[in-house]
Amino acid sequence: MNVKSAERELQALMTEGLRGDAAAYKALLSKLTGHLRAYFKGRLARLGRGAVEAEDLVQEALIGIHTRRHTYDPSQPFTPWAYAIARYKLLDHLRRTRVSIKDLPIEEADDLLAHDDLSDAESAYDLQMLLARIAPKMRQAIQYVKLDGLSVSEAAARSGMSESAIKVSVHRGMKALALLISKGRPS
Amino acid sequence: MKTSQFIDLLSSDVQPVRRGIVGKALAVALVIGGVAAVILMLITVGLRPDVFQGAGSMLLLVKLLFTLSLVALGTLFLIAASYPGRNVRRRLAFLLLPFLAIASLGLGAILLATPMTRQDMIFGPEWLTCLMCIPLFAIAPFAALIWALRMAAPTDLRRTGAIAGLVAGALGATAYALHCPGDSIPFIAIWYGLPILLWTLLGAVLGPHLLRW
């Protein structure tokens, strides 16, 4: 699969996802993850850093892409947008861990799609610890809908909240997680 | 946690995307910031009595042209900077134009004036008030712009912060122009230009801290 067709597929999935197609959006995130992983592993390897740190970055980039997906314009190419976010998260991470940024090579947006790393890896972020730090209402909504696998209506019945309240709590919970993750993992 | 699990989590958040929100937030920030700056001006130094009449009104036009062109061009940059992957270099270059215009007009005015009047031109009435008030009036606009930009995804925080500072400074200068008794172009170039550049610098320093996402 060359870069052009990868771009077309990602753009199509993202556009469908933005329209509310949850399956397409999940496929988009999964496919993008392979590219992000290869990109971050490659950049970090040059600086002598390992796979777990790369996976931290993958998840930081994913949640950044997710919470800022409203800044993607479906009429524009997808790769430059995703690449700009990936590079932003990389530079932010390196700045926080005090690496000289001058050593980074000059890149192009298409570099993001050049490689794929499909291994399912683990980051140093601990989901339970992160969830413990957000408000109970949001945590419960996320617990029911995602971790326990309940449907929105089942979660609504069990918690006594309305269906839209559940969705709003999940959404706010995600933003809270994004904020925690942007503060970096405690080291 | 495993990324596959994380993706499951993210894709359960299915709130519909609100696409126009960044533009709306910036518009709101400009209006609220501008109004706040004018209110602060009215409370502190007050409206100039002949602001819309007489010779002062010509220079008021020049002042507003200078400051509002910076607000407009700066906002165009901020809009582009809010969306990852957009090329903003051209919009950045345009921001120099108002400065170049007023600087050359100011220089011309100084050269054409007699040596005696030059001093009065440059150190016109209340230059110190100007220097102090414009940065003060820019605080609320800056806070409002940061609020709006935090809903966006700027990827160069220093540059975005700098232009937010520039727009805020220009809005503060717009408010001050309604009071300002100074009536020469060199005066405008120096005592409006400096505070705006000061806020640009301040914005560049604060950007990475306030805009991080």
Side-chain angles (χ1 to χ4, degrees), chain A residues 17-20 22-23 25-30 33 37 55 58-59 62-74 76-77 79-85 87-88 91-92 95 109 120-123 125-128 130 142 145-147 152 167-168 170-171 173-175 177-179 182, chain B residues 1-28 76-91 146-161 204-213:
Chain A
L18 286 178
R19 284 206 206 116
Y25 188 61
K26 185 166 169 182
L28 179 269
L29 293 182
S30 302
T33 292
R37 187 174 290 125
E55 207 62 21
V58 168
Q59 294 180 358
L62 283 174
I63 201 164
I65 282 167
H66 176 70
T67 56
R68 306 291 149 150
R69 63 198 189 282
H70 63 277
T71 63
Y72 170 63
D73 180 353
Q76 298 296 314
T79 308
W81 179 83
Y83 168 73
I85 293 183
R87 190 170 168 86
Y88 166 74
L91 292 178
D92 178 68
R95 230 170 255 129
D120 185 20
E122 237 178 282
S123 71
Y125 288 109
D126 184 312
L127 184 59
Q128 291 306 327
L130 288 171
I142 291 179
V145 171
K146 233 30 231 178
L147 304 178
V152 175
K167 285 188 207 161
V168 166
V170 169
H171 179 69
M174 225 57 83
K175 282 169 74 169
L177 284 178
L179 193 63
S182 77
Chain B
M1 68 185 130
K2 276 191 176 286
T3 298
S4 52
Q5 183 189 25
F6 194 52
I7 290 177
D8 269 349
L9 193 62
L10 292 178
S11 48
S12 73
D13 176 19
V14 289
Q15 288 288 76
V17 170
R18 303 175 294 170
R19 277 224 67 236
I21 195 170
V22 170
K24 288 188 194 135
L26 278 172
V28 166
L76 287 177
F77 172 90
L78 290 178
I79 292 173
S82 296
Y83 300 92
R86 302 237 314 233
N87 189 330
V88 295
R89 222 164 288 143
R90 204 171 6 126
R91 292 174 185 85
I146 294 295
W147 163 83
L149 288 168
R150 284 190 64 79
M151 294 186 206
T155 50
D156 186 330
L157 303 187
R158 206 170 285 285
R159 229 190 294 183
T160 305
V205 168
L206 295 174
H209 303 285
L210 299 175
L211 294 173
R212 203 169 151 267
W213 53 279

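We name chains A, B, ... by the order of the sequence lines, and we start the count at 1 in each one.
Between chain B and the residues A/Val145, A/Asp73, A/Leu18, the largest count of heavy-atom pairs under 4.5 Å involves A/Asp73. Top candidate by heavy-atom pairs under 4.5 Å with chain B, chosen from A/His66, A/Gln76, A/Gln128, is A/His66. Counting heavy-atom pairs closer than 4.5 Å to chain B, the top-ranked of the candidates A/Ser30, A/Gly173, A/Pro77, A/Gly20 is A/Ser30. Interface summary for chain B: among A/Val170, A/Leu177, A/Leu127, the most heavy-atom pairs under 4.5 angstrom belong to A/Leu127. Heavy-atom pairs under 4.5 Å with chain A were tallied for B/Pro208, B/Ala153, B/Pro154; the largest tally goes to B/Ala153. Most heavy-atom pairs under 4.5 Å with chain B, from the set A/Asp126, A/Val58, A/Leu62: that is A/Leu62.
A/Ile63 has its side chain within reach of B/Phe6: a pair of non-hydrogen atoms, C-beta onward, lies under 4.5 Å apart.
For A/Tyr88, the ring-ring contact (aromatic ring centres under 6.0 Å, His included) criterion is met by B/Trp213, not counting sequence neighbours.
A distance of 10.0 Å separates OG1 of A/Thr71 from CZ of B/Arg86, quoted to the nearest 0.5 Å. If you take OH on A/Tyr83 and OG1 on B/Thr155, they are separated by 10.5 Å, rounding to the nearest 0.5 Å. Rounding to the nearest 0.5 angstrom, the gap separating the CG atom in B/Leu9 from the CG atom in A/Leu130 is 9.5 Å. Between the CZ atom of B/Arg212 and the CG atom of A/Asp92 there is a distance of 4.0 Å, given to the nearest 0.5 Å.
A donor-acceptor contact shorter than 3.5 Å is absent between the side chain of A/Arg69 and the backbone of B/Val17. Looking only at distances, no side-chain donor or acceptor of A/His70 sits under 3.5 Å from a matching main-chain atom of B/Gly20. Under a 3.5 Å cut-off, the side chain of A/Gln59 and the backbone N or O of B/Met1 do form a donor-acceptor pair.
Only the side chain of A/Thr33 has a heavy atom closer than 4.5 Å to any heavy atom of chain B. Heavy atoms closer than 4.5 Å to chain B are found nowhere in A/Arg19, neither backbone nor side chain. Within the 4.5 angstrom heavy-atom criterion, atoms from both the backbone and the side chain of B/Ser4 approach chain A.
Closest approach of B/Gly85 and A/Ala84 over heavy atoms only: N-CB, 3.3 Å.
Summarising the local packing, NZ of B/Lys24 is surrounded by 12 or fewer heavy atoms from other residues, nucleotides or ligands at distances under 6.0 Å.
Salt bridge B/Asp8/A/Lys26: present, at least one basic N to carboxylate O contact under 4.0 Å.
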